[in-house]
Undergrad: 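One structure coming up, written as structure tokens, with questions to follow.
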Amino acid sequence: MSISAFFPGQGAQYPGMGQSVYEASTAAQQVFACASDITGQSVTKLCFESTKEELSRTINSQIAIFTCSIAVLEALKEHGVQFDACAGFSLGEYTALAASGILSLEDALRLVQKRGELMQQAADQTDGCMAAVLGLQDEAVEKICAETDGTVLPVNYNCDGQLVIAGTKQAVQAATDACHDAGARRAVPLAVSGAFHTPLMAEAAAQLRTFAAALKVHTPSIPVYSNTTAQLISVTDLPAHLEQHMISPVRWKSLVQNMLADGHSTALEIGPGKTLTGFARRISKQLSCTPVESMESVLAAAGGM
């Protein structure tokens, strides 16, 4: 059976995530130990004992989600589950880089830690936010953003009827008000601390590119689909790709549609939350996606292969 791995992005975090997998899987324990060693902090404590507020900080949530997702992946592999393609949503693309072997686990952890630091700094300086607009067509939201004063852009193309916008708080509020007036069902603020995937992240993106230039890039063992193009990632200039990734929209709907067209119709959402599973149901009925975030779900997924 052809199985793809989907990895969640920021916002999926919650206290206690990954704990049941950690307690039952040697492979997961090794991932957490590596993460703690590389980052210089107890990532088990971060994931299992932090408050919701502590975990919501970009500098914490990114390394926590990444570590939890890779730990669940390794527990699945420990039980014989293998994958033939992968993709990740925003931060999740970094998990995919590690899962595919493009980056070593150690280098990916260093990169994610640096990304979280840079994006937290940018968020602290720009007073940005993000909101999911529900119930309008993409074109309507795009038009409203273009006509709104200030910085606000469509950034996450999640599925039909759901498009995330981001920018300065004042501009996002004005755009969401206009979306309501245009017939949007609602606009939901996201549990993130900045205007990600916008030009407000440009300075952080440039610094990340410089940092990534020192990392060793490998040929992927399985295909990785890109957020920015919805096509396969090219590793010819990964630092440039990562810079662009931080300031460009996540084209998740198109990415999933392209994976389906390439024959990848069964996926596991690996890591905290069930967001990508929900998107999958709305993108195509041809796609089967199952969330795996606990040891119980790891064993269920392994037993169903």
Undergrad: Are more than 12 heavy atoms from other residues, nucleotides or ligands located less than 6.0 Å from atom CZ of Arg281?
TA: no
Undergrad: Could you tell me whether Lys169 and Asp127 have a side-chain N and a carboxylate O separated by less than 4.0 Å?
TA: yes
Undergrad: Using 30° and 60° as the class boundaries, would you call the ring planes of His245 and His197 parallel, tilted or perpendicular?
TA: perpendicular
Undergrad: Just checking, is any N or O donor in the side chain of Glu93 or Asn227 under 3.5 Å from an acceptor N or O on the other one?
TA: yes
Undergrad: Taking the side chain as every heavy atom from C-beta outward, state whether Leu134 and Val188 have any pair of such atoms under 4.5 Å apart.
TA: yes
Undergrad: Would a hydrophobic clustering, with Ile, Leu, Val, Met, Phe, Trp and Tyr connected at side-chain separations under 4.5 Å, put Val155 with Val256?
TA: no
Undergrad: Would you kindly say whether Glu23 and Gln19 are connected by a side-chain donor-acceptor distance under 3.5 Å?
TA: yes
Undergrad: Quick one: do Lys143 and Glu139 make a salt bridge, cutoff under 4.0 Å?
TA: no
Undergrad: Please tell me whether Leu242 and Ile70 are part of a single hydrophobic cluster in this structure, the criterion being side-chain heavy atoms less than 4.5 Å apart.
TA: yes
Undergrad: Hey, are Lys216 and Asp107 close enough for a salt bridge, meaning a charged N less than 4.0 Å from a carboxylate O?
TA: no
Undergrad: Can you find a side-chain donor-acceptor pair between Thr39 and Gln113 that sits under 3.5 Å?
TA: no
Undergrad: Is the distance between the ring centroids of Tyr157 and Trp252 less than 6.0 Å?
TA: no
Undergrad: Tell me whether the centres of the aromatic rings in Phe48 and Tyr22 are closer together than 6.0 Å.
TA: yes
